[in-house]
Amino acid sequence: MSLAKFTARSLLSAIFITGGLDEIKKADQLSEAVDGLLSKLPKSSCSQIPDVDSTLLVKVNGATMLAAGSLLALGIKPRLAATVLAAQLVPVTAAGHAFWEKEGAEKQGDQIQFCKNLGLIGSLLTVALDGAK
């Protein structure tokens, strides 16, 4: 493993490790966003989703980010870790940064975060497709 690839993977994974820890710690506060997202889904979709506590979903998401981010940083199954992180980032981005529903400064802030997450997804896909080891 090259030092350059280790450094690049570590830098990329830092946001997921710290974000995952934060989600686990603040799951009660963040569960409202999950409830809001679930309320927007069509009724037919909701019947297919098991009745799970939204706080638990936030904690599972945080644990996934923490585990996959750590694996990515350490170079353990980096392609799999990057794929998992990219997949979980899609709904998180759509639910957490719906700038199209906002106005003014709040819209601009969410649009920046949305685009940042798109950049992260692109970086993760590069690792997943190139197999950066």
Side-chain angles (χ1 to χ4, degrees):
M1 162 178 34
S2 76
L3 180 60
K5 286 186 179 183
F6 172 77
T7 303
R9 282 195 322 270
S10 296
L11 292 171
L12 177 57
S13 66
I15 189 73
F16 299 103
I17 294 170
T18 58
L21 285 170
D22 196 47
E23 280 194 20
I24 293 167
K25 291 177 186 175
K26 297 179 180 176
D28 291 334
Q29 298 165 337
L30 298 172
S31 65
E32 293 175 17
V34 173
D35 291 334
L37 176 65
L38 292 176
S39 71
K40 294 178 185 177
L41 293 175
K43 299 288 183 218
S44 59
S45 298
C46 290
S47 65
Q48 302 299 316
I49 300 172
D51 189 23
V52 178
D53 179 42
S54 56
T55 303
L56 176 62
L57 290 175
V58 172
K59 287 180 181 180
V60 168
N61 188 65
T64 301
M65 289 171 58
L66 177 61
S70 297
L71 291 173
L72 179 62
L74 296 171
I76 301 169
K77 300 283 186 186
R79 295 178 74 182
L80 176 61
T83 302
V84 167
L85 289 168
Q88 71 77 228
L89 198 52
V90 172
V92 168
T93 300
H97 304 296
F99 65 89
W100 52 90
E101 296 176 350
K102 311 279 175 63
E103 296 293 328
E106 189 178 17
K107 178 177 183 161
Q108 185 179 15
D110 270 345
Q111 195 168 19
I112 290 168
Q113 292 300 315
F114 186 91
C115 289
K116 176 210 46 137
N117 284 3
L118 291 181
L120 286 170
I121 291 169
S123 298
L124 290 165
L125 290 176
T126 299
V127 173
L129 297 173
D130 281 352
K133 295 180 183 166

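Values reported hereafter were calculated over all heavy atoms of this structure, with side chains retained and with hydrogens, waters and symmetry mates removed.
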Quiz item: Any idea which heavy atoms bring K107 and F99 closest together, and the distance?
Solution: CG-O, 3.3 Å
Quiz item: Rounded to the nearest 0.5 Å, how far does CG of D53 lie from OG of S31?
Solution: 7.0 Å
Quiz item: What are the two closest non-hydrogen atoms of A68 and V84, and how far apart are they?
Solution: CB-CG1, 4.2 Å
Practice problem: Could you pull out the closest heavy-atom pair between G69 and S13, with the gap in Å? | Solution: O-CB, 3.1 Å
Self-check item: Within 6.0 angstrom of K116 NZ, more than 12 heavy atoms from elsewhere
Solution: yes
Quiz item: Would you say E101 has more than 12 foreign heavy atoms packed within less than 6.0 Å of its CD?
Solution: yes
Quiz item: Cluster question for you: counting only ILVMFWY and a side-chain heavy-atom cut-off of under 4.5 Å, with indirect links fine, are L66 and I15 together?
Solution: no
Quiz item: Where do A128 and T83 come nearest, in terms of heavy atoms and distance?
Solution: CB-OG1, 3.4 Å
Self-check item: Whether over 12 other heavy atoms sit under 6.0 Å from E32 CD
Solution: no
Quiz item: For the atom pair CG (L57) and CD (E23), what is the distance rounded to the nearest 0.5 Å?
Solution: 11.0 Å
Quiz item: Under 4.5 Å between side-chain heavy atoms, hopping through other hydrophobics if needed: is there a path connecting V90 to L72?
Solution: yes
Practice problem: State the CZ-CG distance between R79 and L71, to the nearest 0.5 angstrom. | Solution: 15.5 Å
Exercise. Of all the heavy-atom pairs spanning G75 and P78, show the shortest one and how long it is.
Key: O-CD, 3.5 Å
Exercise. To the nearest 0.5 Å, tell me how far S70 OG sits from M65 CE.
Key: 11.0 Å
Quiz item: Closest approach of L125 and A86, non-hydrogen atoms and distance?
Solution: CD2-CB, 4.2 Å
Quiz item: What's the spacing between Q88 CD and F16 CZ if we round to 0.5 Å?
Solution: 6.5 Å
Quiz item: Do L3 and L11 share a hydrophobic cluster (ILVMFWY, side-chain heavy atoms under 4.5 Å, transitive)?
Solution: no
Quiz item: Got a sec: does the NZ of K25 have more than 12 other heavy atoms crowding it under 6.0 Å?
Solution: no
Exercise. Mind checking the CG-CG spacing from L12 to L120? Nearest 0.5 Å is all I need.
Key: 6.5 Å
